[in-house]
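Please read the structure below before turning to the comments.
Everything numeric here is computed off the predicted structure, so don't read it as measured data. Each residue takes its place number in the sequence, starting with 1.
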Amino acid sequence: MEEQLSNDYNIDSYLSHLENLSSRIADNISLGQFGDVTKLDIERRIIINKISQDASNLNSSRKSRLKLIWVNNKKLIKELEDKD
């Protein structure tokens, strides 16, 4: 039981951090401040990998939250590509 609570906290913590990183990446890109984007993206990828390892612990709420992050990131990438 305690391990499950710990896993739930970790996943929620990862999702919150992933949302924060995505927002920071979007802000930096929109402001033309590309210096930290690579570092933030590497951190984002590490978190996605950790979430993937715990994918069996994702309930429908967490899956929806992750999907929303993914959709927002995809939209951001599309907007960035359209600027070029």
- Task: Over all heavy atoms of both residues, which pair between Ile29 and Val37 is shortest? Give the atoms and the distance, please.
- Result: CG1-CG2, 3.9 Å
- Message: Distance check, rounded to the nearest 0.5 Å: Lys63 atom NZ versus Ile51 atom CD1?
- Response: 13.5 Å
- Could you state whether Phe34 and Leu21 fall into the same hydrophobic cluster, counting links through intermediate Ile, Leu, Val, Met, Phe, Trp or Tyr residues with side-chain heavy atoms under 4.5 angstrom apart? yes
- Message: To the nearest 0.5 Å, what is the distance between CG on Leu15 and NE2 on His17?
- Response: 11.5 Å
- Once you round to the nearest 0.5 Å, how far does CD1 of Ile46 lie from NZ of Lys50? 7.0 Å
- Query: Minimum heavy-atom separation for Tyr14 to Ile47, with atom names?
  - Reply: O-CG2, 3.5 Å
- Query: Looking only at atom types and distance, does a side-chain atom of Ser23 sit under 3.5 Å from a main-chain N or O of Glu19, one as donor and one as acceptor?
  - Reply: no
- Query: Which is it for Arg45 and Asn49 under the side-chain contact (heavy atoms from CB on, under 4.5 Å) test, yes or no, and what are the steps along the way?
  - Reply: CA-CA 6 Å; Arg45 290 172 191 253; Asn49 186 40; over 6 Å; no
- For Arg24, salt bridge (charged side-chain N to carboxylate O under 4.0 Å, His left out) partners two or more places apart: none
- Show the numbers, then the answer: is there a side chain to side chain donor-acceptor pair (under 3.5 Å) between Arg65 and Ser60? CA-CA 9 Å; Arg65 188 173 171 192; Ser60 62; over 6 Å; no
- Note on the structure: CG (Asp41) and CG (Asn28) are apart, to the nearest 0.5 Å, by 12.0 Å
- Item | Heavy-atom check, side chain of Leu18 versus side chain of Leu66, under 4.5 Å | yes
- Message: Please check this pair: side chain of Ser30 against backbone of Asp27, looking for a donor-acceptor N/O pair closer than 3.5 Å.
- Response: yes
